[in-house]
Amino acid sequence: SAAQIIEYSKNRAMLRIGRYMTVGTIVQLHLEGEFLLWKVFCCIPKGNSYYLGIELVEAPQSLNYRGRCEHAADGKG
């Protein structure tokens, strides 16, 4: 689902979302045509939405599904 970016740095971000998420949940964030895995470190109620604090997860290259799909499409993997 869509999220509004409130704050963003290289390793952390604060998003505004419409539902509660448990601390420790791994989320996939699409930014500028790529996706990265992030881990929830806080979820703060704010009116009818939530502020979600996330930090970047260092994912091994094998988790780059987008790259694997591109290679599969061109017959290389």
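Because the structure is predicted, anything quoted here is derived from the model rather than measured.
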Original post:
Which heavy atom of F35 sits nearest a heavy atom of Q28, and at what distance?
Top reply: CD1-CG, 3.5 Å
Subject >> Distance, nearest 0.5 Å, that separates CD1 of I54 from CG of L29 >> reply: 5.0 Å
Subject >> Test item: T22 side-chain N/O and T25 main-chain N/O as donor-acceptor pair under 3.5 Å >> reply: no
Original post:
What closest approach, in Å, do A13 and Y8 show between heavy atoms, and which atom pair accounts for it?
Top reply: CB-CD1, 3.9 Å
Subject >> Which atom of M14 lies closest to which atom of G53, heavy atoms considered >> reply: SD-N, 3.7 Å
Subject >> Considering all heavy atoms, the nearest Y50-P45 contact >> reply: CD2-CA, 3.6 Å
Original post:
Under a single-linkage definition using a 4.5 Å side-chain heavy-atom cutoff for Ile, Leu, Val, Met, Phe, Trp and Tyr, are L36 and F41 assigned to the same hydrophobic cluster?
Top reply: no
Original post:
Which heavy atom of Y51 sits nearest a heavy atom of K46, and at what distance?
Top reply: CE1-CG, 3.7 Å
Original post:
Say you draw a straight line from CE of M21 to SG of C42; how long is it, rounded to the nearest 0.5 Å?
Top reply: 12.5 Å
**OP:** Treat each ILVMFWY residue as a node, draw an edge where side-chain heavy atoms are under 4.5 Å apart, and state whether L15 and Y20 are in one component.
**Re:** yes
Original post:
Does any non-hydrogen side-chain atom of L56 lie less than 4.5 Å from one of L37?
Top reply: no
Subject >> Rounded distance (nearest 0.5 Å) linking atom CD1 of I6 with atom OG of S49 >> reply: 8.0 Å
Subject >> Minimum heavy-atom distance V40-L52, with the two atoms named >> reply: CG1-CD1, 3.5 Å
Subject >> Separation of K39 NZ from E55 CD (nearest 0.5 Å) >> reply: 5.5 Å
